[in-house]
Amino acid sequence: MTSPLRVPVVVEAPQHSGLTTPLDYLSEHPLKPGTLLRVPLGRREVLGIAWRPGAQLDGQALDAGALRPVAAVFEALPPLPPAWLALAEFAAAYYQRSVGELALSVLPPELRKLDATALANRQARLLKRLQRDAPASEGPMPERPTLADEQQHALAAFEAALAEPRPQPLLLHGVTGSGKTEVYLRATEQVLAAGRQALVLVPEINLTPQLESRFAARFPGRRLVAMHSGLTPAQRLSHWLTALLGHADIVLGTRLSVFAPLPRLGLIVVDEEHDPSYKQQEGARYSARDLAVYRGHLERVPVLLGSATPSLESWQRALQGRYRRLEMAQRVGGGVLPQVRLFDMGVLPREKSGHGPLFAPPVLQSLRERIARGEQSLVFLNRRGYAPVLHCADCGWKSGCPHCSAWRVFHKGERTLRCHHCGFTERVPRACPECGNLDIAPIGRGTEKLEEQLAELLPEARIARLDADTARGKGQLESRLAEVHAGAVDVLVGTQMVTKGHDFRRITLVVAVNPDSALFASDFRAPERLFALLMQAAGRAGRDAEAAARSEMWVQTWHPQHALYAALKAHDFAAFASGQLAERRSAGLPPFSHLALLRAEARDAAVATAFLRAAAECATQLDGAGDVMVYPPVPPSVSKVANIERMQMLIESGSRARLQRWLADWLPRLHQLRAQHKGLARWAIDVDPLSI
Ligand code: ADP
Ligand code: ZN
Ligand code: ZN
């Protein structure tokens with residue numbers, strides 16, 4: 001009898017369990033790294049992945065005498081490709097998680113529930129189905145538009161990259177409607193023709209159906225699978241298997257699909273690369289955009305990052321020559337971008353209530369003209385609900401959330417007060433809960449009120465609202481969008497949800513009702529986000545070249561002199577970016593420095609603060625402490641959610657590599673430190689945090 005072999009296996013163990021390293025198990029047969037298996041862990045049996053022996057993962061090894069045998073091996077399944085393992089290892093190290101936690105968290109959850117036989121059965125059924133439903137590879141190639149010069153140039157740059165042994169990422173900076181998607185399609189075509197697979201990332205699940213149908217229409221002979229959180233667990237598993245088995249030509253999905261196992265990867269597209277949705281906001285807080293770039297580097301395939309308003313991080317890399325920048329400044333078909341007009345709300349007389357009017361007269365006039373001409377308008381306001389707070393003028397009561405440091409939002413249609421942080425919902429009280437005053441009134445305005453006021457101002461208009469509240473039910477978003485596309489809506493009201501991606505053909509007017517607040521927000525990324533949002537919104541107008549010349553965007557503002565609006569008026573992203581980058585450089589902010597955030601949560605804020613202070617104290621003893629700046633603990637903008645107090649502490653360094661090393665030294669100490677802070681509910685590190 002041969003003696004069993006030792007196999008390193010990673011299992012899902014959160015960082016704080018101390019199991020940061022692969023565990024050794026015994027196997028009768030050699031197992032390829034990447035093989036899925038089940039192993040005993042304590043009294044349970046869990047899913048694991050055979051890992052690479054000697055991978056650079058530090059931590060304590062187990063005593064060989066205590067080794068237990070692998071319980072079962074998923075033999076029917078090919079092992080996860082080596083590049084996949086390398087990506088997971090990189091992501092775990094970069095975002096300061098255990099490899100097991102990261103790797104297992106990005107596998108389809110259904111895998112955990114199946115034993116080897118059940119999975120083999122599923123796989124066999126899937127293969128049969130794939131064979132039966134094989135896309136018809138015969139048939140005429142669908143018609144493709146002749147590329148515009150700028151598209152042609154971008155595609156040539158892509159082809160050049162494809163031929164390089166180590167292609168550089170490409171930053172496709174193209175105004176809305178410049179035909180970026182067509183470039184993605186052509187790039188995909190090339191890769192597919194070479195027998196490779198394409199991975200296409202989109203920021204939001206809402207945007208997948210639209211892009212999916214464009215890809216499906218262009219490549220009828222190819223198999224496309226989607227990956228996003230809207231799939232059932234069974235669908236997720238079968239799409240994932242289709243990818244791993246090499247049967248998916250195109251994988252299209254949201255951030256989690258950056259981990260799709262693709263044995264023949266040839267291209268990664270990241271559409272709207274600036275979008276904050278690419279950053280995972282829990283668990284391993286990875287940025288799918290950044291991991292896509294790393295994966296491209298690892299697998300030596302081109303990465304195509306596309307946006308009308310690139311992230312300043314990507315823009316700066318392009319300026320440094322690390323990414324190749326491709327410009328598409330013209331709209332397809334010679335359409336022009338809408339004319340941006342600023343209205344200075346400060347010049348309007350105040351009404352008796354002390355408030356200005358909802359719409360400036362010329363803005364209202366523009367809306368009326370559109371309705372008269374049978375064109376559509378889009379009015380957006382980044383706040384949902386009817387009003388952000390209810391208020392009693394007699395005693396000063398406000399509709400605070402008892403569990404959060406936030407107001408509960410008044411939803412008029414549902415007659416509720418709802419907290420958007422913890423979900424706590426109550427019926428609207430008839431009278432003030434403090435003093436019994438019957439006259440409690442909403443303050444401020446959300447999209448629900450905006451819709452109501454628009455209906456009063458424009459009684460002849462057909463108005464539809466699109467926000468997280470109206471798009472909640474299944475199919476509601478699609479049916480509303482279909483109404484807009486069919487021309488059954490004159491004015492579409494909504495939050496930023498309406499500004500993203502949709503290829504509306506009949507909109508000739510966009511109105512930003514009140515975008516100023518982000519100009520002075522404490523988050524240093526607020527102006528970048530606002531600019532991207534307004535450019536996106538502007539991009540919804542005049543997508544039909546014929547109507548483009550008379551399309552416009554009105555911005556109602558109290559700060560018409562602001563540099564951000566000047567750049568917006570000129571549709572000049574480069575000017576905006578250079579102003580922002582200069583500010584960031586002088587303030588030592590990203591991309592000129594690198595940040596991490598240590599977050600702590602407890603019922604008592606003092607407990608969270610004490611943990612952070614102790615963490616800062618122990619940080620001073622680390623090597624390289626001089627390279628890293630640790631700021632004092634502060635509460636985030638909403639400090640209490642669901643009765644849990646949050647505190648956070650910013651860490652900054654001029655060097656990404658030094659920050660990484662330093663964090664890797666610091667983290668094990670934090671695990672130890674935690675034991676001394678009993679009341680602490682949770683703590684976590686967020687590398688490259690998006691909002692601070
Ligand atoms: P973007 O992604 O940059 O916003 P799209 O790729 O969606 O732009 O293109 C806008 C519209 O122009 C789409 O309807 C698309 O089908 C069309 N289009 C793109 N490229 C061309 C072209 N070369 N010739 C004609 N129409 C095109
Ligand atoms: Zn009162
Ligand atoms: Zn709440």
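Quick note: residue numbers are just sequence positions, from 1. Counting starts at 1 for both ligands and their atoms, in listed order. Basis for what follows: all heavy atoms, side chains included, without hydrogens, waters or symmetry-related copies.
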Colleague: Return the CD to CD distance between Gln210 and Glu478, rounded to the nearest 0.5 Å.
Modeller: 11.0 Å
Colleague: Enumerate the protein residues lying less than 4.0 Å from ligand 1, judged by heavy-atom distances, in chain and residue-number order.
Modeller: Pro145, Thr146, Leu147, Ala148, Gln151, Val175, Thr176, Gly177, Ser178, Gly179, Lys180, Thr181, Glu182, Arg214, Val332, Asp503, Arg505, Arg543
Colleague: Cut-off 3.5 Å, side chains only: do Glu273 and Ser314 have a donor facing an acceptor?
Modeller: yes
Colleague: Less than 4.0 angstrom from a charged side-chain N to a carboxylate O is my criterion; do Asp686 and Arg599 meet it?
Modeller: yes
Colleague: Please check if any side-chain donor atom of Thr416 sits under 3.5 Å from a side-chain acceptor atom of Thr425, or the reverse.
Modeller: no
Colleague: Under a 3.5 Å cutoff, is there a donor and acceptor pairing between the side chains of Ser311 and Glu528?
Modeller: no
Colleague: Centroid separation under 6.0 Å, is that true for the rings of Trp315 and His274?
Modeller: no
Colleague: Show the nearest heavy-atom pair for residues Lys180 and Val175, with the distance to one decimal.
Modeller: NZ-O, 3.2 Å
Colleague: For Ile205 and His228, which heavy atoms make the closest approach, and how far apart are they?
Modeller: CD1-ND1, 3.3 Å
Colleague: Begin with the C-alpha distance, continue with both residues' side-chain angles, and end with the deciding distance and a verdict on salt bridge (charged side-chain N to carboxylate O under 4.0 Å, His left out) for Glu182 and Arg186.
Modeller: CA-CA 6 Å; Glu182 185 59 37; Arg186 296 297 176 100; 3.0 Å; yes
Colleague: With a cut-off of 2.8 Å, which protein N/O/S atoms are close to the Zn ion (ligand 3), if we only count those under it?
Modeller: Cys401 SG, Cys404 SG, Cys419 SG, Cys422 SG
Colleague: Are any side-chain N or O atoms of Gln376 and backbone N or O atoms of Val484, one a donor and one an acceptor, separated by less than 3.5 Å?
Modeller: yes
Colleague: Just to be careful: counting only protein atoms that are N, O or S, how many fall under 2.8 Å of the Zn ion (ligand 2)?
Modeller: 4
Colleague: Give a yes or no on this: more than 12 heavy atoms of other residues, nucleotides or ligands lie within 6.0 Å of atom NE2 of His403.
Modeller: yes
Colleague: Is it true that the side chains of Arg550 and Thr508 contain a donor and an acceptor less than 3.5 Å apart?
Modeller: no
Colleague: Quick one: list whatever passes salt bridge (charged side-chain N to carboxylate O under 4.0 Å, His left out) with Arg255, sequence neighbours left out.
Modeller: none
